[in-house]
Enquirer: 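Following this message is one structure expressed as structure tokens.
These numbers come from the heavy atoms of this one structure, side chains and all, not from hydrogens, waters or symmetry mates. Since the model is a prediction, treat every value here as computed from it, not as a measurement. Below, chains carry the letters A, B, ... as their sequence lines are ordered, and counting in each starts from 1.
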Amino acid sequence: MSKQKPSIPKGTRDFQPEEIARRNYIFNSIQGVFELYGFKPIETPAMENLSTLMGKYGEEGDRLIFKILNSGDYLSKADDNLLGEKDSLRVSNQISEKALRYDLTVPFARYVVQHQNEITFPFKRFQIQPVWRADRPQKGRYREFFQCDADVIGSDALFNEVELLQIIDTVFTHLGLSITIKINNRKILAGVADYIGFPDKIIDITTAIDKLDKIGLEKVNEELMERGLNINAISALQPVLQLKGNHQEKIMQLKAVLNTSELGKKGIAEIEEIFSILDINPLKSNVELDLTLARGLNYYTGAIIEVKANDAKMGSICGGGRYDDLTGIFGLPGLSGVGISFGADRIYDVMLELNLFPRNILTFSEVLLVTFGNEEHKYAQKVLSEFRANGIKSELYPDLAKMKKQIQYADKNKIPFVLIIGTDEIASGKLALKNMKTGEQNLMSADEIIEYLKQYKKQ
RNA sequence: GUGCCUAUAGCUCAGUAGGUUAGAGCAUCAGAUUGUGGUUCUGAGGGUCGUGGGUUCGAGCCCCAUUAGGCACCCCA
């Protein structure tokens, strides 16, 4: 027993074989749908240049970026004055020039700019990789987690927004998870900010009204006040905060309010078009127009999408939106992108809580061969090769151990069948196949067993 | 970055009012059973009670500090 227990950093996790099986089920489902819609995979490095990431996620985001210390004698190159002043922020820029990626969108923008001449636009890419955030972990929040992103870059068509909604719908329908898709439009929010006379306060306004669900109308108004709005502006905002009805009704009300704002009208037109396409070809999931949906990164310029699980208390499990000029900051202006990101780890937590994982994904080996002695073990090795040649996941207990121990191994590993090989079986050519669930045992030839297991697998 | 809570075996926890050698369940390993698991019975290993200091004749328990973890806020998948 070692005195110092080994551990892993807060907010990170080890994954056991069963967990990997369940996680792969989620990843494979999402990837399958991405591919079905014509998206192509890319990967980018775990670390980016710090300068690529800094300033892209707002002040709060910058703080949550994991920075990587330079190699070598990095302190010798740092400014003595800054070190003396203990100015962490500025010192960190001198001793770190790499960082772990914070999301997949900004690295993708970097990728697009860097490979612009090798890319055919519109470019539809998907990417399933871990990201890291130096946040304080809590429920549903990790410091290392996987995002599954699909983005279309180089196309303004709202058709893309609709396709992304269809992808969301297909994925969650396949996973058996009941969800609500909330959509909004940044242009409408900008129109609202315009309309109440504080166009440059859009970020303050959106982050405040995003909390409506959580803290209620009064607190939101208080916060708006603190963020510098006046009474008139806040009262002008009230009709928007209290929109009621289905999406047609909400749109009607918005039209009445925002008729003076060109940007606002454009946003409404976009929302209308998306809903009109969805009306023709409806999704299985519920889609809601939610004006208080404002979260997300400040680079969104059009649609904002968020998905919540209906039957679990969990933050958003998928989010996305349109960003008109993401690549502009890397020197390639005029390219519009729209994308979504599935939070695989939160989906996992919700599915586990709701018991939505199918049983059969947990099967690793289908059959365990057990023997009584040296001769039988050699014979079993031949049978084992045949099984594997026929695509049956199988293993032979490696040691000459007691029957009890061998069968216990099958039980604990949830192997559904045990093949018992003894001298009698070898002599007759009929091997004893035991069903671990029912306890039934049948004598069959190796070929018959292969057929039987193939049939069993199909069920 | 702010606030609150927790810390005893691999895991989940009990531990009375401060009193001898700190317990249970699960898990692990072995045996009961020389060709049969999941249910039973028996046994074994595993702890400087997160760490450091203090109060006391005596501390797992009380006090202080420190570290780690969890939850909420901020923000976010």
Enquirer: Determine the interatomic distance between C1' on B:rA59 and the same-named atom on B:rC64; round to the nearest Å.
Expert: 15 Å
Enquirer: With a 3.5 Å cut-off and sequence neighbours excluded, list the donor-acceptor pairs that the side chains of residues 364-371 of chain A form with protein atoms.
Expert:
unit_1	atom_1	unit_2	atom_2	d
A:Ser365	OG	A:Glu395	OE2	2.6
A:Glu366	OE1	A:Lys393	N	2.6

Enquirer: List the atom pairs, with distances to 0.1 Å, where a side-chain N or O of residues 14-29 of chain A and a protein N or O form a donor-acceptor pair under 3.5 Å, not counting sequence neighbours.
Expert:
unit_1	atom_1	unit_2	atom_2	d
A:Glu19	OE1	A:Gln16	N	2.7
A:Arg22	NH1	A:Tyr348	OH	2.9
A:Arg23	NH1	A:Asp345	OD2	2.9
A:Asn28	ND2	A:Asn24	O	3.1
A:Ser29	OG	A:Tyr25	O	2.7
A:Ser29	OG	A:His174	ND1	3.3

Enquirer: Mind checking the C1' distance from B:rG43 to B:rG60? Whole angstroms is fine.
Expert: 28 Å
Enquirer: Considering residues at least two apart in sequence or located in another chain, which fulfil the side-chain hydrogen bond (donor to acceptor under 3.5 Å, both in side chains) criterion with A:Glu35?
Expert: A:Gln31
Enquirer: Nucleotide by nucleotide, 5' to 3', does protein get under 4.0 Å of the base (B), only the sugar-phosphate (S), or neither (-) in nucleotides 32-38 of chain B, counting heavy atoms?
Expert: B--BBBB
Enquirer: Classify the ring geometry between A:Phe126 and A:Phe34 as parallel (under 30°), tilted (30 to 60°) or perpendicular (over 60°).
Expert: tilted
Enquirer: Expressed in whole Å, how much space separates the C1' atoms belonging to B:rU51 and B:rC26?
Expert: 29 Å
Enquirer: Between A:Asp345 (CG) and B:rC76 (P), how many Å, whole number?
Expert: 18 Å
Enquirer: May I have the distance from A:Asp349 (atom CG) to B:rA77 (atom C1'), rounded to whole angstrom?
Expert: 11 Å
Enquirer: What is the nucleic acid contact for A:Phe342, judged by heavy atoms within less than 4.0 Å: base, sugar-phosphate only, or nothing?
Expert: nothing
Enquirer: Is the A:Tyr111 ring parallel, tilted or perpendicular to the A:Phe123 ring (thresholds 30°, 60°)?
Expert: parallel
Enquirer: Does the side chain of A:Glu270 come under 3.5 Å of the side chain of A:Asn185 through a donor N or O and an acceptor N or O?
Expert: yes
Enquirer: Atom NZ of A:Lys139 and atom P of B:rA72: how far apart are they, to the nearest Å?
Expert: 8 Å
Enquirer: Before giving the answer on side chain to side chain donor-acceptor pair (under 3.5 Å), spell out for A:Arg125 and A:Gln127 the whole-Å C-alpha distance, their side-chain angles and the decisive distance to 0.1 Å.
Expert: CA-CA 7 Å; A:Arg125 87 87 170 77; A:Gln127 187 171 354; 3.0 Å; yes
Enquirer: Looking across every strand, which nucleic acid part, if any, lies under 4.0 Å from A:Asp135 by heavy atom: base, sugar-phosphate, or nothing?
Expert: base
Enquirer: Under 4.0 Å between any heavy atoms, over every strand shown, what does A:Lys211 touch: base, sugar-phosphate, or nothing? Just pick one.
Expert: sugar-phosphate
Enquirer: Rounded to whole angstroms, how far apart are OH on A:Tyr102 and P on B:rC76?
Expert: 7 Å
Enquirer: I need the CZ-P distance between A:Arg13 and B:rG70, as an integer number of Å.
Expert: 11 Å
Enquirer: Grab the CD-P distance between A:Gln16 and B:rA27 for me, whole Å please.
Expert: 16 Å
Enquirer: In a check of side chain to side chain contact (heavy atoms under 4.5 Å, CB included) between A:Phe66 and each of A:Arg143, A:Arg133, A:Glu144, which one passes?
Expert: A:Arg143
Enquirer: Nearest whole angstrom, please: distance from the C1' of B:rC75 to the CG of A:Leu293.
Expert: 15 Å
Enquirer: Looking at B:rA72, I'd like to know if its phosphate oxygens (OP1 or OP2) sit under 4.0 Å from a side-chain N or O belonging to A:Gln138.
Expert: yes
Enquirer: For nucleotides 67-69 of chain B, print each protein N/O atom paired with a nucleotide N/O atom at under 3.5 Å, atom names and distance only.
Expert:
unit_1	atom_1	unit_2	atom_2	d
B:rG69	OP1	A:Lys10	N	3.4

Enquirer: On a plain distance test, is the side chain of A:Arg141 in donor-acceptor contact with the base of B:rA77 below 3.5 Å?
Expert: no
Enquirer: Is any NZ, NE, NH1 or NH2 atom of the basic residue among A:Lys284 and A:Asp169 found under 4.0 Å from an Asp or Glu carboxylate oxygen of the other?
Expert: no
Enquirer: Output, in order, the C-alpha distance, side-chain angles, deciding distance and verdict of salt bridge (Lys or Arg N to Asp or Glu O under 4.0 Å) for A:Glu448 and A:Lys430.
Expert: CA-CA 9 Å; A:Glu448 286 169 337; A:Lys430 299 271 186 186; 3.7 Å; yes
Enquirer: Could you tell me whether a side-chain N or O of A:Gln406 sits under 3.5 Å from a main-chain N or O of A:Ala401, the two making a donor and an acceptor?
Expert: yes
Enquirer: In whole angstrom, give me the gap between the C1' atoms of B:rU8 and B:rA68.
Expert: 15 Å
Enquirer: In whole angstrom, give me the gap between the C1' atoms of B:rC49 and B:rA24.
Expert: 16 Å
Enquirer: Does NZ or CZ of A:Arg322 fall inside the cone over A:Tyr300's six-membered ring, less than 6.0 Å from its centre and within 45° of the axis?
Expert: no
Enquirer: Please report, rounded to the nearest Å, how far the P atom of B:rA77 is from the CG atom of A:Asp149.
Expert: 10 Å
Enquirer: Using the P atom on both, measure B:rU36 against B:rG47 and round to a whole Å.
Expert: 36 Å
Enquirer: With rounding to whole Å, what would you report as the distance between B:rA44 and B:rG18 at their P atoms?
Expert: 33 Å
Enquirer: Whether the A:Gln129 and A:Asp149 side chains hold a donor-acceptor pair (N or O, under 3.5 Å, no angle test) is what I'd like checked.
Expert: no
Enquirer: Can you tell me which nucleotide in B:rA77, B:rC74, B:rU2 comes closest to the side chain of A:Arg136?
Expert: B:rU2
Enquirer: Given side chain to side chain contact (heavy atoms under 4.5 Å, CB included), test A:Phe146 with A:Ile128 step by step and report yes or no.
Expert: CA-CA 7 Å; A:Phe146 270 74; A:Ile128 298 176; 4.3 Å; yes
Enquirer: Which is true for A:Gly140 with a 4.0 Å heavy-atom rule: it touches a base, it touches only sugar-phosphate, or it touches nothing?
Expert: base
Enquirer: For RNA chain B, whose closest nucleotide is more 5', that of A:Arg63 or that of A:Val307?
Expert: A:Arg63
Enquirer: Could you measure between the two C1' atoms, the one in B:rC41 and the one in B:rG52, and give it in whole Å?
Expert: 46 Å
Enquirer: Counting only side-chain heavy atoms from C-beta out, which of B:rC76, B:rG70, B:rC75 sits nearest to A:Arg346?
Expert: B:rC76
Enquirer: Can you give the dot-bracket line for RNA chain B, using ( ) for pairs inside the strand, [ ] for pairs that cross earlier ones, | for pairs with another strand and . for unpaired bases, where Watson-Crick and G-U count if both distances are under 3.5 Å?
Expert: (((((((..((((.....[...)))).(((((.......))))).....(((((..]....))))))))))))....
